[in-house]
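Here is the structure we will look at.
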Number of protein chains: 2
Amino acid sequence: MTRQRLADPTPPPAPPEGGLRERKKRRTRAALIHSALELFTTQGYEQTTVDEIADAVEVSQRTFFRYFANKEEVAFAVQEAVEAQFFDALRERPAGEPPMTALRRAVSLAWDTIEQAIGETVPPELHMRMYHVIESTPALIAVHLRRSVELEERLAREIADREGLDLDSDPRPRVLVAAFSGVIRVSGRLWGARGDCSSDAIRKLTEAYLDHLTPALAEDWNTGSTHA
Amino acid sequence: MTRQRLADPTPPPAPPEGGLRERKKRRTRAALIHSALELFTTQGYEQTTVDEIADAVEVSQRTFFRYFANKEEVAFAVQEAVEAQFFDALRERPAGEPPMTALRRAVSLAWDTIEQAIGETVPPELHMRMYHVIESTPALIAVHLRRSVELEERLAREIADREGLDLDSDPRPRVLVAAFSGVIRVSGRLWGARGDCSSDAIRKLTEAYLDHLTPALAEDWNTGSTHA
DNA sequence: TTGTCAACTGTCAGTGACTGACATTAGCCT
DNA sequence: AGGCTAATGTCAGTCACTGACAGTTGACAA
């Protein structure tokens, strides 16, 4: 078989998404997440063993730990995806956009993409039930808080970068991100408290809350004055 | 056995500091904390096993878990004591005192009492080294954040109580406590970053920081107006 | 003093999270 | 076809943590 590929930028003429191996891995991972959330939300997080999750997907416990560093990680897999989506969206915002505008446009875009990206493996309704489990499990609350702080730090760094500021000497990126995150957290909790789990509802809610915040922070940061 | 206790308000007429049993328990507990912190700060938290701690005090592992629900708890034992001290001090502040004043006087008093109460079993220098370990151990960071949130909630509840407010409808207690806690956290981190671990240094630092905050919140809450 | 009771502790066995080592399987590529 | 290697399974072992049971020891009354 002397097959010549000449001008072929994608060596394996595989379907849109990688080879069989890749697809299998993605399927296993998705199945693990799905089964885990299903079990967590029905029996509780502590009452669910890793063995149960692995058995449900018919893989060994060892394989589970090759996909997730620990039991907590699978619980936050969806959140992780959402945040990554958001962070990517933020990074793609045009440089001219004021920081706050970039942040709120990024969340809006993220919520859109999420419905399709996540919705396939984990129905939104399950995601929301999992949110409740996290909020009512001390071990997961702790992890959730740590993750939030870590995300805020990354956001502050990104904002500082795009504005050409020094994070150590200029407090404004952190302050902005803290305020922004506070609003996001509040609207997230409200979303969890309500029954409505459509991505449209959460987006509308978030925007409404951010509208209260924006006026107070609308000044353009690139006016030269470093401090009021 | 028909035992009648007549008028005896304190069934066991124990000496000022409890019986021998009590003292023994306190000694064991103090020894466990001391050894644990010593090991955590020299080898790291994850690298230290509960068996090591128990062996160092010459008790069984099972006994360790009768004193502390888990490995984390012994790591936060000192913080726990400090917070309890602070909380007690707050509760004893006169009712007429404005909330913010009560909070800052309570911290001041707490820092005083701490030096003697804690200093006996755990030298301040060890306490500070442990603070660093907490700040650099992901598992402990998570727990620390959860504990902070829990403390804030209790503080907000206490403030709402003493002002006769409803925590669910009036946001001011939470806002005040959030601001106060933020300042405490910042000054705490600075204290950790510096070398100086005297209780006087941290108290001065805290007060200086709180001075920036107070002016903006000095209004008396009992003027009748619920919202600005 | 002595005996009883209850608290404290130790021992043991077991579960569950997690890891390293090694053998086996199964896509991938020539 | 056959070799390479990533993915998986198996096994043994560590560590945090728990329930059950037995032994020890302060506390307290007779």
Side-chain angles (χ1 to χ4, degrees), chain A residues 1-5 8 10-15 17-32 36 39-40 43-75 137-140 142-143, chain B residues 1-6 8 10-15 17-32 36 39-40 43-55 57-75 137-140 142-143:
Chain A
M1 317 279 202
T2 62
R3 247 194 291 172
Q4 39 181 345
R5 293 256 176 101
D8 191 352
T10 58
E17 290 300 344
L20 195 151
R21 219 178 229 170
E22 284 295 318
R23 267 177 288 137
K24 222 170 183 177
K25 265 173 63 179
R26 269 203 300 277
R27 257 192 296 131
T28 305
R29 190 184 146 85
L32 282 172
L39 288 166
F40 290 162
Q43 324 179 330
Y45 175 76
E46 325 256 10
Q47 285 68 44
T48 303
T49 70
V50 173
D51 281 323
E52 282 180 287
I53 303 170
D55 286 351
V57 187
E58 291 183 310
V59 293
S60 67
Q61 191 213 47
R62 196 66 182 86
T63 294
F64 173 93
F65 283 112
R66 289 206 179 91
Y67 280 87
F68 304 98
N70 46 50
K71 195 175 152 187
E72 289 154 7
E73 200 170 298
V74 70
T137 306
L140 295 182
V143 175
Chain B
M1 320 310 186
T2 62
R3 244 194 293 172
Q4 42 181 341
R5 290 260 176 97
L6 291 183
D8 189 358
T10 58
E17 288 299 345
L20 193 150
R21 217 175 231 173
E22 284 293 320
R23 269 177 286 136
K24 223 171 182 177
K25 265 173 61 180
R26 270 203 300 275
R27 257 192 296 131
T28 305
R29 189 184 147 84
L32 282 172
L39 288 166
F40 289 162
Q43 325 179 328
Y45 175 76
E46 324 257 11
Q47 285 68 46
T48 303
T49 69
V50 173
D51 281 323
E52 281 180 289
I53 303 170
D55 286 351
V57 187
E58 290 182 312
V59 293
S60 68
Q61 191 213 47
R62 196 68 183 84
T63 294
F64 173 93
F65 283 112
R66 289 204 179 91
Y67 280 86
F68 304 97
N70 45 51
K71 195 175 151 188
E72 290 154 6
E73 200 170 296
V74 70
T137 306
L140 295 183
V143 175

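Just so it is clear: chains get the letters A, B, ... in the order the sequence lines come, proteins before strands, and each one is counted from 1.
- For Arg21(B) and dC8(C), the CZ to P distance is 6 Å, given to the nearest whole Å.
- Taking atom CG of residue Leu140(B) and atom P of nucleotide dA16(D), one finds them 13 Å apart after rounding to whole Å.
- Among dT18(D), dC15(D), dT10(D), the nucleotide with an atom closest to any side-chain atom of Gln61(B) is dT18(D).
- Candidate nucleotides dA16(D), dA7(C), dA21(C) were compared by shortest atom distance to the side chain of Val50(B), and dA16(D) ranks first.
- Nucleotide dG10(C) holds its P atom 14 Å from the CZ atom of Phe65(B), rounded to whole Å.
- Contact annotation for Ser60(B): base contact, defined as any heavy-atom pair under 4.0 Å involving a base atom.
- An OP1 or OP2 oxygen of dT8(D) is reached within less than 4.0 angstrom by no side-chain nitrogen or oxygen of Thr63(A).
- The phosphate of dC8(C) has neither OP1 nor OP2 within less than 4.0 Å of any side-chain N or O from Tyr67(B).
- Between Glu73(A) and Phe68(A), the closest heavy-atom pair is OE2-CA, 3.9 Å.
- Between dC8(C) and Lys25(B), a contact under 4.0 Å exists linking OP1 or OP2 to a side-chain N or O.
- One can place CD of Glu58(B) at 17 Å from C1' of dT24(D), the figure rounded to the nearest angstrom.
- Mapping Asp51(B) and Thr28(A) onto DNA chain D by nearest heavy atom places Thr28(A) at the nucleotide closer to the 5' end.
- Contact annotation: Lys24(A) side-chain N/O to dG27(C) OP1/OP2 distance is under 4.0 Å.
- In this structure, Thr48(B) and Leu39(B) approach most closely via the heavy-atom pair OG1-O, 3.5 Å.
- Scanning for side-chain contact (heavy atoms from CB on, under 4.5 Å) contacts around Thr28(B) gives Leu32(B), Val59(B), Tyr67(B), with sequence neighbours left out.
- Remark: C1' of dG16(C) and CD of Glu72(A) are 14 Å apart, rounded to the nearest angstrom.
- Both Lys71(B) and Arg66(B) lie close to DNA chain D; mapped to their nearest nucleotides by heavy-atom distance, the more 5′-ward contact belongs to Lys71(B).
- Within a 6.0 Å sphere centred on CD of Gln47(B), other residues, nucleotides and ligands contribute more than 12 heavy atoms.
- The side chain of Asn70(A) approaches dC18(C) more closely than any other nucleotide in the set dT10(D), dC18(C), dA16(D).
- Partners of Ser60(B) by side-chain contact (heavy atoms from CB on, under 4.5 Å), not counting sequence neighbours, listed by chain and number: Arg62(B), Thr63(B).
- Atom CD of Glu52(A) and atom P of dT15(C) are 14 Å apart (whole Å).
- As rounded to whole Å, 12 Å separates atom C1' of dA13(C) from atom CZ of Arg62(B).
- Computed from coordinates, the Gln43(A) CD to dG16(C) P distance equals 12 Å when rounded to whole Å.
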